[in-house]
Amino acid sequence: MTVAEQQDTQSKLKKAMPGVVRRKQLVYPVLFFVGVIVAWTGFVRLFQLPTYLLPTPYEIVVSFEGQLGPMWPHIRITFFEAFFGWVAGNLIGITLGLLMSESRGLRTALYPYLIGFRSVPVIVLAPLLILWLGLNITPILATATITVFFPMLVNAIAGFNSTDQLSEELMRSLDASRWQMFRKVKLYNAAPYLFSAMKIGVALSLIGAIVGEWLVADEGIGFLIVIANNQVNTLLMFRGIIVISLMGSIWFALLAIAERYVIYWQDHGSHGGL
């Protein structure tokens, strides 16, 4: 084989590689999903487990028939609570993270207390929030906000501090304003960190909303799960779990797509999805 033919073959292989990788990324999850469904069904059939203990995947899917309509109001309220907490927690985390990255004194003063505050499980704080904010939706929104806030704060501080000294000196030599320094250097470097925290916050906001609903709500997916537990309605529990899982997965996927367009300069294939 001549050198030209070798180069042509290598070029074709390089062009084919992205398609092969994409097919593997699709096939492997599908095979894993099928394997889990088969193993789950086989386990239930083998040990003859009753539906209230562990239903088969088929029974769970069939149980959705005629039930999505009644579930929609609960889905909407849970999504609203989680989305509010996600937005509020991210905004507070980014703002405080920027301030703490700019002020070493502020960071030194606040960080130990924020670490201590974050070490307290949110379910421990929930009763206090209910006592202070009342038996309404407000404690649920606060719970979702608190769960999202800290990961964004940590990533924001790391992201805004990731700017190299050379870039800052170059911008100063060009007489850049503080706003230009922030927009073209600090925000540019912090964007991957912020998006990572936003994607992590998707699951955390849903967790915060569900925990709040367990304690105080009379609607929402968390409320349905509590009712299902009291009634030993395992199919309703699984419907709630599946709805929450789909909600989080779609939300995460939309953020990942937005990240590819916003952080267009980053090689997303080299990062583990977060």
Side-chain angles (χ1 to χ4, degrees), residues 9-72 74-76 78-79 82-83 86 147-148 151 192 195-210 220-222 224-225 228 233-274:
T9 301
Q10 290 175 353
S11 177
K12 289 179 179 178
L13 286 173
K14 287 180 180 179
K15 289 179 181 179
M17 280 302 294
V20 173
V21 171
R22 281 195 296 270
R23 283 194 293 273
K24 285 184 177 180
Q25 290 175 340
L26 177 63
V27 169
Y28 288 166
V30 170
L31 289 177
F32 178 77
F33 177 77
V34 172
V36 169
I37 296 298
V38 171
W40 182 347
T41 303
F43 179 80
V44 173
R45 299 301 186 205
L46 178 63
F47 293 97
Q48 298 181 342
L49 299 177
T51 299
Y52 74 85
L53 192 60
L54 182 63
T56 63
Y58 176 77
E59 290 172 327
I60 295 171
V61 172
V62 170
S63 74
F64 273 95
E65 185 177 357
Q67 296 300 319
L68 273 179
M71 288 184 71
W72 271 117
H74 299 281
I75 295 172
R76 284 198 299 268
T78 297
F79 177 73
F83 187 73
W86 182 79
T147 56
V148 173
F195 265 99
S196 291
M198 281 190 275
K199 289 188 287 186
I200 293 170
V202 169
L204 294 178
S205 66
L206 289 168
I207 291 171
I210 294 297
I221 300 300
L224 287 183
I225 292 175
N233 188 342
T234 312
L235 289 173
L236 178 55
M237 287 188 203
F238 272 104
R239 287 200 297 271
I241 292 169
I242 290 172
V243 166
I244 289 295
S245 177
L246 288 175
M247 190 186 302
S249 298
I250 294 170
W251 190 350
F252 187 97
L254 291 174
L255 269 177
I257 293 171
E259 181 183 21
R260 289 181 180 275
Y261 282 99
V262 175
I263 314 179
Y264 54 86
W265 62 87
Q266 180 174 299
D267 180 13
H268 298 276
S270 62
H271 297 269
L274 296 178

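The analysis underlying the following values was restricted to heavy atoms, covering all of them including side chains, and did not include hydrogens, waters or symmetry mates. Everything quoted here is computed from the prediction, not taken from an experiment.
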Donor-acceptor pair, distance only, cut-off 3.5 Å: does the side chain of [X] make one with the backbone of [Y]?
| X | Y | value |
| --- | --- | --- |
| S245 | I242 | no |
| Q48 | R45 | no |
| S205 | V202 | yes |

How close do [X] and [Y] get, counting heavy atoms only, and between which atoms?
| X | Y | value |
| --- | --- | --- |
| P151 | L204 | CG-CD1, 3.4 Å |
| M198 | W86 | O-NE1, 2.9 Å |
| T41 | P57 | OG1-CD, 3.4 Å |
| L236 | L224 | CD2-O, 3.8 Å |
| A209 | A82 | CB-N, 4.0 Å |
| I210 | G222 | CD1-N, 3.5 Å |

Which value, rounded to the nearest 0.5 Å, describes the distance between [X] atom [atom1] and [Y] atom [atom2]?
| X | Y | atom1 | atom2 | value |
| --- | --- | --- | --- | --- |
| E59 | F238 | CD | CZ | 10.5 Å |
| I244 | F79 | CD1 | CZ | 11.0 Å |
| N233 | S63 | CG | OG | 8.5 Å |
| I200 | F252 | CD1 | CZ | 8.5 Å |
| Q67 | R239 | CD | CZ | 4.5 Å |
| T51 | I60 | OG1 | CD1 | 9.5 Å |

Query raised in the report: So, for Y28 and F32, is the gap between ring centers shorter than 6.0 Å?
Result: no

Query raised in the report: Any side-chain heavy-atom pair from F64 and V243 closer than 4.5 angstrom?
Result: yes

Report task. For W40 and F47, run ring-ring contact (aromatic ring centres under 6.0 Å, His included): C-alpha distance rounded to whole Å, both residues' side-chain angles, the deciding distance at 0.1 Å, then the answer. Result -> CA-CA 11 Å; W40 182 347; F47 293 97; over 10 Å; no

Report task. Tell me, yes or no, whether the heavy-atom count around Y52 atom OH, taken from other residues, nucleotides or ligands under 6.0 Å, exceeds 12. Result -> no

**Report entry** Working for side chain to side chain contact (heavy atoms under 4.5 Å, CB included), residues I75 and I221
**Finding:** CA-CA 6 Å; I75 295 172; I221 300 300; 3.8 Å; yes

